[in-house]
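Single-structure report; data block below.
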Amino acid sequence: HSGDDHYGSMGAGPTPWATGAHVPHAMNLHDIRTVVQGFADAARRVVAAGFDGMEVHLGHGHLIQQFLSPVTNQRTDAYGGSFEGRLRLARECIAAVRAAVDGRAAVGVRLSADEFLPGGLTPDDTVEIVRALLDDGPLDFLHVSHAAYIGAASLATQMADMSWGTAPFRAYPARFSSEFPDIPVLAVCRIDDLETGQDMLDAGDADLVGFARAHIADPSLASRPGGPAAGRALPITPVRARSCIACNQGCNANLEAIVPITCTVNPSVGRERAWDAALSAPATARRVLVVGAGPAGIEAAVSADLRGHDVRLVDARDAVGGGIRPIVRAHGRERFGVLLDELEAELSGSSVDVVLGTPATAAEVLDWRPDVVVLATGAAPDDTTRMPLGDTPVLDAVDVLADPSLAGRRCIVYDETGTWEGSSVVSHLAGTGVDVHLVSPTAAYAGQITIYSRLALGERLTEAGVAIHTLGRLAAAGDGRFEVRPAVGSAAPVVIDDVDAVVHVRPARARTELFDDLERAGFTGDLHLVGDAFAPRTVQEAVYEGRAAGTVIGVEDPAVARGIRARDPYALTGASAS
């Protein structure tokens, strides 16, 4: 894409990567010669730039793997058909790179050990591909990954989210380490922490491990005092070390949206210079009250404490964590517990005065006489939008996450948001044996979830027996019977009988009553809304806004504050009034 001009993609054949996607240009021999020459030219630039090595990408459903795979290569010329034909482009590209490098840098390959596709490449096939490539000359390393970029659940394994568990594909590099013991093997994907990586090395599963998302979450991961074996025992500093939770919100979702990546647990990603400037700017000590001990409130309180302010954190509940606590209960979303544990550890290691079980009123806030109030009071389902459905219980997501038995034997989840809230409830209930019908008034289920997760989610819901009804409106027909009426078209309604409960997942409403009460009471200090109290969104925005608010308190230079509060690439910080 350049300006207003749109260029088609090229491929081994004219098969779109997904149903409804653009048809690529089927490469001819001129195109192939151009690509091979391009690999050689790129290799020369890599060497000239001073790099020690490079890899030729044979995986992830990209161009060369499209030629290698019998699923995407239906050619009948010399670059298709037989195993040798499908291997030809890879051989020519690697040969061109070797010739251009001429021994001045390492040359390896990146592989998808398994395409996870019917009729696609299997580990046995990929082992044979490597053996054939080695007949042409040595490879300095094998970077073993998996998956194909295609509109199926295979794509969702490529950057697996938290539902897959830690290091779920370590068997693949282990296979190649066994088959090719003289070639270093690099392993990747959901190697969440140093301990897992070390375990893989000790077990002989790989010779090297890659920490991509883990390094985004914690850039100091491999450079802590004492080296990787030193573990996570670090003091809490303004730049906090955090564990990747594989939520895929700031990285994958932003990649899909073609905007700069960031990170849910590390707000500085993509804006490092602005955050460095804010953290190094002098701040005048203030008396700070933070209301709400969810992720936004904890971030604000700890950040303000680290800047030298006198901070009190108040919450009406008896435990910190806010909206994260129910999320942790959901099947496949448990890794949010890692973030919760780290938030609690940072809070307990700070000097923040934590007061729980105490609702904050305007009078109590004024009585404490703070200079700054940060409202992180979150959001709640809007009761005015609750569906009236006769005698059938209508529940909220938090109700059934706390007690799945409330859903009965058969329930309907009516999801108006398309976010992880609805999908997590569906997965959780289905996992406990409930017969679940997911009804969405929109054209797609889980429409707000990145496709990298949604493709695998759909497969899991299908395997769990979940019935999915899109473009449907829910109506009660009496005595536990419901109709899913089409939002568009004239098809007959789908009838669902014997429904014990309906879980209504609907947009939440920000809790801003205290903000309004303080303004009416004449509070004259700085007043901030952060996280869901500004607008209901995700943990990513809550973490960012809480840390930003706590960091800029007492900073006199408005340009410094704007640097980390700019609304780019997404709506980041809340409002302030004084």
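Keep in mind the model is a prediction, meaning the values are calculated, not measured.
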Donor-acceptor contact present, side-chain [X] to main-chain [Y], <3.5 Å:
| X | Y | answer |
| --- | --- | --- |
| Asp315 | Ala293 | yes |
| Asp341 | Val338 | no |
| Asp532 | Gly378 | no |
| Ser69 | Gly120 | no |
| Ser112 | Ala147 | yes |
| Arg485 | Glu483 | no |
| Arg409 | Asp500 | no |
| Arg325 | Val320 | yes |
| Glu55 | His143 | no |
| Gln66 | Gly11 | no |

Heavy-atom distance under 4.5 Å between the side chains of [X] and [Y], does that happen here?
| X | Y | value |
| --- | --- | --- |
| Glu416 | Pro507 | yes |
| Val495 | Arg481 | yes |
| Leu121 | Pro70 | yes |
| Arg131 | Glu179 | yes |
| Val185 | Phe180 | no |
| Arg335 | Asp161 | no |
| Leu87 | Ile129 | yes |
| Thr262 | Asn254 | yes |

| Nearest heavy-atom pair of Ala407 and Leu395: which atoms, and what distance? | N-CD1, 4.4 Å

| message | One thing to verify: whether Glu299 and Arg242 come together as a salt bridge, which I'm taking to mean a side-chain N less than 4.0 angstrom from a carboxylate O. | response | yes

| query | Do the charged groups of Asp199 and Arg170 touch, with an N to O distance under 4.0 Å? | reply | yes

No-hydrogen, no-angle side-chain donor-acceptor test under 3.5 Å, [X] and [Y]:
| X | Y | result |
| --- | --- | --- |
| Ser163 | Arg460 | yes |
| Asn252 | Arg213 | no |
| Thr538 | Glu541 | yes |

Please say whether more than 12 non-hydrogen atoms of neighbouring residues, nucleotides or ligands are located less than 6.0 Å from [atom1] in [X].
| X | atom1 | result |
| --- | --- | --- |
| Asp391 | CG | no |
| His22 | NE2 | no |
| Asp403 | CG | yes |
| Arg75 | CZ | yes |

| note | From the list Glu115, Arg110, Arg86, His57, side chain to side chain donor-acceptor pair (under 3.5 Å) with Gln65 holds only for Glu115

Nearest 0.5 angstrom please: [X] [atom1] to [Y] [atom2], how far?
| X | Y | atom1 | atom2 | value |
| --- | --- | --- | --- | --- |
| Asp192 | Ser243 | CG | OG | 8.0 Å |
| Leu58 | Leu133 | CG | CG | 6.5 Å |
| His331 | Leu401 | NE2 | CG | 9.5 Å |
| Arg454 | Leu155 | CZ | CG | 10.5 Å |
| Met200 | Asp205 | CE | CG | 5.5 Å |
| Tyr172 | His146 | OH | NE2 | 8.0 Å |

| request: Take Asn266 and Ile216 through the test side chain to side chain contact (heavy atoms under 4.5 Å, CB included) and record every step on the way to the result. | output: CA-CA 8 Å; Asn266 182 1; Ile216 296 171; 5.8 Å; no

| field | cation_pi(Arg190, Trp164) dist<6.0 Å, angle<=45 | value | no

